[in-house]
Engineer: 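So that we are looking at the same thing, I have put the structure below in structure tokens.
Throughout, protein chains are lettered first and strands after them, A, B, ... in sequence-line order, and every chain is numbered starting at 1.
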There are 2 protein chains.
Amino acid sequence: MKATVPVSMASLKAACSQCNLQELCLPFGMSENEIDRLDELVGARRKIKRQHHLYRAGDLFEAIYAIRAGSFKTDVLLEDGREQVTGFQMTGEIIGLDGISTEFHTCNAIALEDSEVCVIPYAKLEELSREVEGLQHQFHKVMSREIVRDHGVMMLLGSMRAEERLAAFLLNMSQRFTARGFSAAEFHLRMTREEIGSYLGLKLETVSRAFSRFQEDGLVAVQQKHIRILSIPGLKKLLHHQPAG
Amino acid sequence: MKATVPVSMASLKAACSQCNLQELCLPFGMSENEIDRLDELVGARRKIKRQHHLYRAGDLFEAIYAIRAGSFKTDVLLEDGREQVTGFQMTGEIIGLDGISTEFHTCNAIALEDSEVCVIPYAKLEELSREVEGLQHQFHKVMSREIVRDHGVMMLLGSMRAEERLAAFLLNMSQRFTARGFSAAEFHLRMTREEIGSYLGLKLETVSRAFSRFQEDGLVAVQQKHIRILSIPGLKKLLHHQPAG
DNA sequence: CGACATTTTGAAGTGCTTCAAGAGATGTGG
DNA sequence: CCACATCTCTTGAAGCACTTCAAAATGTCG
């Protein structure tokens, strides 16, 4: 028998070079050599149980996180208790970028299911991205993509009607599941109607009614959180037609 | 007489080290030495006439811009013609970050008045920020701040009522004018009611009515685009009270 | 000054919310 | 494994905030 180093699951070192999420995550577009250097950067993995916080608004910002397994929501709370969900994050996506601006997190990140993240200490990331051009470039793209995504949400919240918003949401989920090798048509939503509603600027009843309407129209088959899209073109048509035009 | 190099206004070289907007712009928080190095980076200034585009969605991304004078709006257009204004930008603010993600701009930037920007070639920015730690750090903060700002807009669009949105908008403008050394209470809006409405997810008539309501309630004195805030606490109170609570 | 864009205000319409009740799913402890 | 409590989702009916349509007032610019 060979000597083995004791390993605890909780502190298992992450290794980008061995990770099957490379295509979706920070390493995307980097050379093999560059990805090897990422392994110096990424710290331990951390498990987060369903409904638990990865970080909270007000927490000191020290690291960003790559989602290794599971999914999260991020939200902002108003003093009077109103919640705005600002995003849903899936495997390979980077979470925590809001903290860079003030060195404190400005939103909450909550696991929608038992999940696991790779911890990327931010000071180390800045240091390494001064040396590794591909890392720098990729990190900037990740941040910019977040800005572009946010603009899309603003469009949705500011200019679309309820059913358009839900159609856009479903198409977006479908596309992200596809990118992860899952079915584009059939998937399981991890969030409640209320969370979808908060994200879309609607009440949960409105979300539920829109789902029912889509079902009546033969666009999707809905069974609670299980969604089967029957007509992707049908959903897309909803987006491109002005309702009162 | 000394020999002088001919200088055209249009291509006048920008110099961060001499600029009075340092406190608001990219150089904020950088050391004097670091700011001197920024002068290598920042290219020519560019003048943009009122209503003209700084860039358009689909344009190749080559540079980000620091607003030297004037102001801009950014917007996204839907295929059916609907417009969503995603932000209003003032002096010292950085515009164009959306382009990093795909190497093409994803929104339009339009001058609200005759304006001037400093052109910051992006390739050079990445290069220099690998050498100048303060620049790297500051640039990341600028991007993160944009993400945090966008989350605020989502909260506004998704969870607030018309008058709350307008109050939040006015307080935000007031705070930004203050940071620029102008009055917190009295300022001139450069955008139309329709543009404010698009930004806030409201129709222009609703914006106009909310202004009238604020005027009736003695919170602001409105004369077209000229705004005088009579009670900043009064506007703040509108934000923190749940309407149906 | 005259043409045009912008803003204000009123009145009617509508899409989403609120309130309410019941059905269905999920989890826990005995 | 079932019973019970809890959470989630659906659906109906009434209410209301914002939109739409319309017209007049005001401001802006060539």
Engineer: Tell me whether A:Glu163 is salt-bridged to A:Arg213, with the criterion being a basic N under 4.0 Å from an acidic carboxylate O.
Structural biologist: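 Here A:Glu163 pairs with A:Arg213 in a salt bridge, since their nearest N and O are under 4.0 Å apart.
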
Engineer: Take the protein atom CG of A:Leu156 and the nucleotide atom C1' of C:dC16, then report the distance between them rounded to whole Å.
Structural biologist: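 Going from A:Leu156 (CG) to C:dC16 (C1'), I get 15 Å.
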
Engineer: Using atom CD of A:Glu195 as one end and atom P of D:dC9 as the other, report the distance to the nearest whole Å.
Structural biologist: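 So the two atoms are 9 Å apart, to the nearest Å.
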
Engineer: Within the modelled atom types, does a donor on one side and an acceptor on the other bring the side chain of B:Arg209 and the base of C:dG10 under 3.5 Å apart?
Structural biologist: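 Pair found.
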
Engineer: Between A:Ser144 and A:Val142 (side chain of the first, backbone of the second, donor and acceptor by atom type, cut-off under 3.5 Å), is there such a pair?
Structural biologist: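 No: the side chain of A:Ser144 does not pair with the backbone of A:Val142.
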
Engineer: A:Lys225 has a side chain; which of C:dC16, C:dT8, D:dC9 sits nearest to it?
Structural biologist: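 Taking heavy atoms from C-beta onward, the closest nucleotide is D:dC9.
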
Engineer: Any side-chain N or O of A:Thr192 below 4.0 angstrom from OP1/OP2 of D:dC7?
Structural biologist: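 No.
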
Engineer: Nearest heavy atom decides the nucleotide; on that basis, is B:Arg193 or A:Met160 closer to the 5' end of DNA chain C?
Structural biologist: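 On the 5' side of the pair lies B:Arg193.
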
Engineer: How many Å lie between CD on B:Glu163 and P on D:dC16, as a whole number?
Structural biologist: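 These atoms are roughly 16 Å apart.
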
Engineer: Write down the distance between CG (B:Leu189) and C1' (C:dT7), rounded to a whole number of angstrom.
Structural biologist: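 It works out to 13 Å between those atoms.
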
Engineer: Mind checking A:Gly201 for me? I need base, sugar-phosphate or nothing, with any heavy atom below 4.0 Å counting as a touch.
Structural biologist: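 Sugar-phosphate: the residue A:Gly201, judged by heavy atoms under 4.0 Å, touches backbone atoms but no base.
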
Engineer: Whole-Å distance between C:dA25 P and A:His188 NE2?
Structural biologist: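 Computing the A:His188:NE2 to C:dA25:P distance gives 13 Å.
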
Engineer: Donor-acceptor pair, distance only, cut-off 3.5 Å: does the side chain of A:Arg193 make one with the backbone of A:Ser208?
Structural biologist: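 No; judged by distance alone, with no hydrogens or angles, the pair does not exist.
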
Engineer: Closer than 4.0 Å, any side-chain N/O of A:Thr206 to the OP1 or OP2 of C:dT17?
Structural biologist: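 Looking at the OP1 and OP2 atoms of C:dT17, one of them is under 4.0 Å from a side-chain N or O of A:Thr206.
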
Engineer: Among the candidates C:dC16, C:dT8, C:dT18, find the nucleotide nearest to the side-chain atoms of B:Arg161.
Structural biologist: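 When the side chain of B:Arg161 is considered, C:dT18 is the closest of C:dC16, C:dT8, C:dT18.
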
Engineer: Heavy atoms only, 4.0 Å cut-off, all strands: where does A:Leu202 land among base, sugar-phosphate and nothing?
Structural biologist: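 Sugar-phosphate contact only.
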
Engineer: In whole angstrom, give the distance that lies between atom CD of A:Glu113 and atom P of C:dT26.
Structural biologist: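 My rounded result for the distance is 15 Å.
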
Engineer: Whole-Å distance between C:dT7 P and B:Lys203 NZ?
Structural biologist: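 Distance check: B:Lys203 NZ to C:dT7 P gives 15 Å.
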
Engineer: Output yes when A:Arg82 and B:Glu164 qualify as a salt bridge under the 4.0 Å nitrogen-oxygen rule, no when they do not.
Structural biologist: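 Salt bridge flag = yes for B:Glu164 with A:Arg82.
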
Engineer: Using whole Å, what does the distance between atom P of nucleotide C:dT8 and atom CZ of B:Phe211 come to?
Structural biologist: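 Value for this atom pair: 8 Å.
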
Engineer: If you check the B:Gln224 side chain, which of C:dT18, D:dG27, D:dT10 turns out closest?
Structural biologist: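 Between C:dT18, D:dG27, D:dT10, the one nearest the side chain of B:Gln224 would be D:dG27.
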
Engineer: Kindly point out which of C:dT7, C:dT17, D:dC9 is positioned nearest to the side chain of B:Ser208?
Structural biologist: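 That would be C:dT7.
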
Engineer: Mapping A:Gln223 and B:Arg50 to their closest nucleotides on DNA chain D, which lands nearer the 5' end?
Structural biologist: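 With A:Gln223 and B:Arg50 compared, the 5'-side residue is A:Gln223.
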
Engineer: Is the ring pair B:Tyr55/B:Tyr65 parallel, tilted or perpendicular, if the boundaries are 30 and 60 degrees?
Structural biologist: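 Geometry flag for B:Tyr65 against B:Tyr55: parallel rings.
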
